[in-house]
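The structure displayed is predicted, hence computed values, not measured ones. Each chain gets a letter, A, B and so on, in the order the sequences are listed, and its residues count up from 1.
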Amino acid sequence: MSGLVAVAEGVHVGIQIGIDVGGTFTDAVAVDANGNVVHRSKVPTTSKPEVAVEDSVARIKGQAGVAASVVAHGTTLATNALLERRGARIAVIATQGFRDVLSLGRRVRPNYWGLGGSWVPLVPRRLCFEVPERIGPDGNVVRALDEDVLASIADRIRDEDCDAVVVMFLHSYVNDVHEQRATAVLKERLPDRIVVASADVLPEPREFERASTATVTAWIRCVMRPYLEKLRQGASLLSETPLLLMQGDGGLRIADSERLSAALVLSGPAAAAKAGHKIGRGCGFGNVITCDMGGTSFDVSVVLSDELLYTSDYYLDFNIPIRTPVIDVRTIGAGGGSIAYIDQRGLLQVGPKSAGSTPGPICYGRGGSEVTVTDADALLGRLVPSRIPGLEEPLPIEKTRLITKRVLGDALGLGLEELAQSILSIVTEKTASAVRQLTLERGMDPRDFALIAGGGAGPLHYAELAEELGIPTVVVPPHPGMLSAVGCLQSDLRYESATNVDVDLEYLGETQLDDILDRQRRETGTMIERSTVPIAHVEWEHHAELSYDGQTHRFRMRIAAGASPAEIYEGFLKRYSERYGVRLEGTAVHLLTMRTAAFGIRSHPEVLGVAPDSSTGSHAAERSLDPESARFLWLDEWIKCPVFQRASIGLGSQLDGPALVEQYDSTVYVPIGWQAFADDHGNLLLTREGT
Amino acid sequence: MTDEALDPVTLSVVDHALQQVVSEMDLALERTAFSPVISQGQDRSSGLYDHATAETISQGESGIPVFVTSMQDMVGQCKEQFPDLGPNDVVVVNDPFTAGTHLMDLRLMKAVWRDGAPVAFLANAAHWADMGGMSPGGYCLSATEITQEGLRIPPVVLVRDGRVDEGLLDLILANVRLPDLSYGDLMAQISSLNVGETRLQWTLDRYGTITVASAVTELRNRAEGMMRRYIEELPDGVYEYENYLDNDGLVDEPVCARVRITIRGDELDADFSGSDPPVTGPLNASFANTRGGVFIALKHVFPDLSLNGGSFKPVTVSAPRPSFLNAEYPKPVSGCSGEVSALIVNVVFGALAQAAPDRVPSGTFYSMGAFTISGVDPKNDRQYVMFSFNGGGYGAQCDQDGLSHMPGTPGVGTVTPVEIFERSFPVLFDRYSLRDGSGGDGTYRGGLGADISLTLQRGEAVVGFLGDNGRFPPLGAAGGLSGAPTEFLLVRDGVAEVPPMVTKVDRSPIQAGDRLILRTPGGGGWGLPEQRDPSQRAEDVAEGLVPGPASVAGDGGLR
């Protein structure tokens, strides 16, 4: 089902750099050919995110003496810009009568109940234009494209100083002759603007979803183009090193702003999901739940039987669907900066509002005045703010206690420690709900999974989360706080091609399927070749999107190249009946879309934890451990607990909870009744005693 | 067993698990249904009910509001009728006088057994594209008896010991216009029950029957407590309000719904005395439907109320019998779950606004704007029924403009994409846009309705339409102006015509080239227009939302 093609012999693998530019921090990890970490850094993301990237790349060259062979880059820059509606001014040109496609949406309320709320469409109505043209549902031209009107709209778009234009004509997924013609005219008249034709982005029916996906694509290109230009100008090193961007489908693409897809909105979370997949596989776990808890949010993704779960139903936000397949990452507002408050019913709540990094938690001493999860950690002794890198003047714990008392007071009749403990219980419950949602709705039981611990704020809470879910093992990788950067390093090139097929399986021509797959295989293979990135070989994966004739939702199913329509039919009936308990005998099955993904498999070593220059003597098993310090932790009473340094925990050693393990990018909490074991891959495996 | 104190974390986890059961049922039904009304319009609902009391334990939040309390009423009646329902039996029903809403809403119910005894009921409802009767799609505006509206199914056992009663199935499918589609939807409803049963059994395995039972009791008490606290926040008093339907589709006279809401302490009573007697046309409702309307309004005002039987307890509802809000066999009822439910929400809002003006939106539309086009497509000689609900603008609130192009208050349904309609039916849309200038002016502006126009491409067809707010547009509040009324036009041979009943049309013939134009209502404004922030007013003009020099002209012709 997947072919193997040797593209390059003796692939040179030197230093590889993984970078993740998040909303709060920019993380960089560089590894050598053996997976040894030669550099790592975590610096605040500023208004000039490219500077931190340039610095990291330059420093790594200085340190390693050679330029990196590749830079793999994940980022939420475009996502955040889009959510805040900044960084792009986009115009839409629609079929006459349909310019409001983005405002109308699918006529849903922001909330199921309650008639309030608001939302801002991606494109203001004054930048939505109409041009006389019409294609019918069979692809027939009903009304010719009026190029004079189009030309005058192009002039207005120039006057309005738009960065990009989305061309969104009805039924372009069957016949895109008008979209292509309009795109050509616009490119000629607006040579420096980005032009996106809807069917190029998503050759599928449903005008709102296609328009939304196309507009998100345009937005991403608008935001990434100047950023990538700055990056190439500033970091001269990047002119000689291939720069790859992480996509939400879990693949890397050469950083060409003209070719970026809407899937880039999930770049950072997808990278973390890929890292979780690799780490789990390294430990022998086929089923893993990857959690990534940062300052504001908690992301969760799932690997089932060694395959990452995808979705084609992703909503970036209310009324912003993107319909390109992406890794199914669910996000909730629960992180270290999530704010605790008392609601009008007198119940304690946590999040989704976050204090972010500025002002941040009270204990950061940056003027934060609302109690956060991180403050609760500090109040319980789990976290010592003065040991967090980058904090200039953290607040003494007495002051944090004082402010917490003043803000949440005695409203609940709890002592300060009990209050902090309750905040953490609520966070555990909220994160557990998010995990249950993702697993249970697919009929999976979280108890059959291992939890991969990601995010700076996560490892303080994951053992309790695992306990709540009945998950037996938590894997804390060497760099949990840099999971996305590590994931970028560990991902492959991926290019996708899709064809709108739209025919009953029964009527599928004998060679039709093979022809489509052959073509898609060639197209995607060419993309990989063009990227000129060193790879070991190419693999292909094919997916069919199917439904019973007449259904409007689609089911995604992996198929083998060369599969016959009859095999696909049987496969669909079987999978459908497994999930929904019925077989609709005699009802035709419709093949809607065929998708092919090509993977340029790169050589990426396992990212190890212990730096080669570490003085503790790496890879030397030390069966017993001496805690370097001890600290009082609140466990229904103040108890003195050992505190270990991650870098000095030798492979093969084991420690018992309660204990804390501090490391550069995070702190791990091992509760009473849990053990931590350092495995050969540099992971800490947390397990409950007796399991 | 219930005295065993549940810790708050377990309670919250079980609550979530029980919610998960019905969410998964909703999802399964939506994903596997064939009719766009269900799969796209989400016109369906799923619930879990107490075996002893038939009270709602949980109901899918994404299910459409109109089914909220009537599902519980339906389960209660079926439970009495079939006290010995086995573990693999499924009951089917669509009788409005048992189930609550119109004939098109087909409902299934099954008992969940554990250790040899029933422990709960699962049920779902889905709006079928056609249920037979005089008019395709079921909205027959000339019906004067329910028997004309379609096939009426009293509670009967459809699946016995896991085997579908083929005879009954054939009988049902022989009486609907789209048997293949309907068969698919029925199977989707059965799938949803299967998915719900699996998840519920899993939940009982995981937490134990006793723990779940005590959680159910505790959750019911808490739901009731929350409702009582909310009612208590409203000042005691008697609040009255009335509003009107344009007509019943047959007799061109306004139909009045009048409510008198009494708030005393933590209890609320809604009395519909003074509402009009049953009407000739299909704008009647069963009492279950009326009671449901009151709860829909309350949950829109207090969105975090639980969809749990406990929430219903502090609220009493009465309506004179007979009246159009408490109709009996053989009155026709197809308009009950759309216009009538939404009218109830409108009048309950109107009364509650006197008690809590800052919590209730101003006039919100009660027109579902449902049009049906049916005929035989000459291209494939197949019969088709095209059906579309249409939304409008919401009333503004004391602190925000109304939302534009929204579903009716008893619905959540998404609109079917134009491209899907055109692929399925011989129509071509000329326009689907916001309706400029339709929001009522005010300090806060009402939301905008939609402006829709389409042309029949091939053959001949008949058009049905059921809407309202044609003569009584959504009103403004606190000095705000009304939104625009519904406009429905049929354009035959280039001549536009307002139908005699304005917002109700039954089987009106059209042919290829004829057009249908629908402009849906805007919401009422809130507060005096002269107090609107000038920058917001300028923004409205720039965006073309209100008439002004910048507003964009349409495509000419009939606008």
Side-chain angles (χ1 to χ4, degrees), chain A residues 96-101 103-119 124-126 130 132 134 136-138 142 170-171 173 205-210 345 425 428-429 432-433 436-437 440-441 443 445 468 470 548-553 555 576 579-582 584 587, chain B residues 9 12-13 16 20 23-24 27-28 30-34 36 39-40 61-62 65 180-181 184 187 190-191 194-195 199 226 229 299-300 303 361 364 391 394-395 397 400 403-407 409 412 414-415 417-420 422-423 428-434 450 542-545 550 555:
Chain A
Q96 176 116 48
F98 300 90
R99 71 165 178 149
D100 287 331
V101 60
S103 303
L104 292 167
R106 291 290 288 281
R107 200 192 59 208
V108 289
R109 283 194 281 274
N111 306 297
Y112 281 114
W113 294 96
L115 306 186
S118 66
W119 76 290
R125 206 171 181 230
R126 75 200 75 168
E130 295 184 352
R134 191 66 149 92
D138 302 328
V142 177
L170 289 181
H171 300 296
Y173 59 94
R206 287 172 198 196
E207 63 274 8
F208 170 60
E209 285 77 359
R210 195 167 71 251
R345 290 171 295 153
S425 299
T428 298
E429 171 55 21
S433 290
R436 283 196 198 99
Q437 184 72 27
L440 296 184
E441 80 180 31
D445 185 336
E468 171 64 31
Y548 277 114
D549 190 20
Q551 278 181 324
T552 50
H553 282 281
F555 299 81
Y576 189 94
R579 180 74 188 94
Y580 297 109
V582 295
L584 281 79
T587 304
Chain B
V9 176
S12 142
V13 169
H16 193 274
Q20 184 78 28
S23 301
E24 278 193 52
L27 200 66
E30 174 188 329
R31 302 236 133 205
T32 58
F34 283 61
S39 63
Q40 304 289 322
E61 285 270 343
S62 73
D180 294 346
L181 191 81
M187 288 300 122
I190 290 176
S191 300
N194 290 340
V195 167
R199 180 59 50 219
M226 194 195 290
R229 279 194 299 279
K299 176 123 167 102
H300 278 314
T364 286
Y394 282 164
Q397 307 196 20
Q400 69 167 101
L403 290 162
S404 296
H405 190 243
M406 286 286 128
T409 49
V412 287
T414 53
V415 71
V418 165
E419 287 176 343
I420 299 290
E422 293 184 354
R423 284 156 61 86
L428 219 50
F429 282 71
D430 312 302
R431 155 176 300 277
Y432 197 139
S433 65
L434 289 172
E543 284 288 273
L545 301 174
D555 60 347

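Only the side chain of A:Val142 comes within less than 4.5 Å of a heavy atom in chain B; its backbone stays farther off. Within the 4.5 angstrom heavy-atom criterion, only side-chain atoms of A:Asp138, from C-beta onward, approach chain B. Heavy-atom distances place both the backbone and the side chain of B:Tyr432 under 4.5 Å from chain A. Residue B:Glu422 touches chain A through both its backbone and its side chain, counting heavy-atom pairs closer than 4.5 Å. With a 4.5 angstrom heavy-atom cutoff, A:Ser433 touches chain B via backbone and side-chain atoms both. Contact annotation for B:Ala33: only backbone heavy atoms (N, CA, C, O) come within less than 4.5 Å of a heavy atom of chain A.
For the pair B:Phe34 and A:Asp549, the tightest heavy-atom approach, listed with the atom from each and the gap, is CE2-O, 3.2 Å.
To the nearest 0.5 Å, the span separating CZ on A:Phe98 from CG on B:Asp430 amounts to 7.0 Å.
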Practice problem: Go through A:Leu170 and B:Phe429 one step at a time and tell me if the side chain to side chain contact (heavy atoms under 4.5 Å, CB included) criterion holds. | Solution: CA-CA 10 Å; A:Leu170 289 181; B:Phe429 282 71; 5.8 Å; no

Self-check item: Trace of the side chain to side chain contact (heavy atoms under 4.5 Å, CB included) decision for B:Leu428 with A:Arg134
Solution: CA-CA 10 Å; B:Leu428 219 50; A:Arg134 191 66 149 92; 3.7 Å; yes

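No donor-acceptor pair closer than 3.5 Å links the side chain of B:His300 to the backbone N or O of A:Leu115. With A:Arg106 contributing its side chain and B:Val415 its backbone, the two residues share a donor-acceptor pair below 3.5 Å. Side-chain atoms of B:Glu543 do not come within 3.5 Å of backbone N or O of A:Pro124 as any donor-acceptor pair.
Of the listed residues (B:Ile420, B:Leu403, B:Thr32, B:Asn194), the one with the most heavy-atom contacts under 4.5 Å to chain A is B:Thr32.
Within the 4.5 Å cutoff, side-chain heavy atoms of A:Arg109 are placed close to those of B:Pro407. Residues B:Leu434 and A:Arg125 form a side-chain contact, since some pair of their non-hydrogen atoms from C-beta on lies under 4.5 Å apart. When side chains are defined from C-beta on, A:Asn111 does not count as touching B:Pro303, because their heavy atoms never get closer than 4.5 Å.
With sequence neighbours excluded, the residues forming a side-chain contact (heavy atoms from CB on, under 4.5 Å) with A:Pro132 are A:Gln96, A:Arg143, A:Asp146, A:Val149, listed by chain and number. In this structure A:Tyr173 satisfies the ring pair (Phe, Tyr, Trp, His ring centres under 6.0 Å) test together with A:His171, sequence neighbours excluded.
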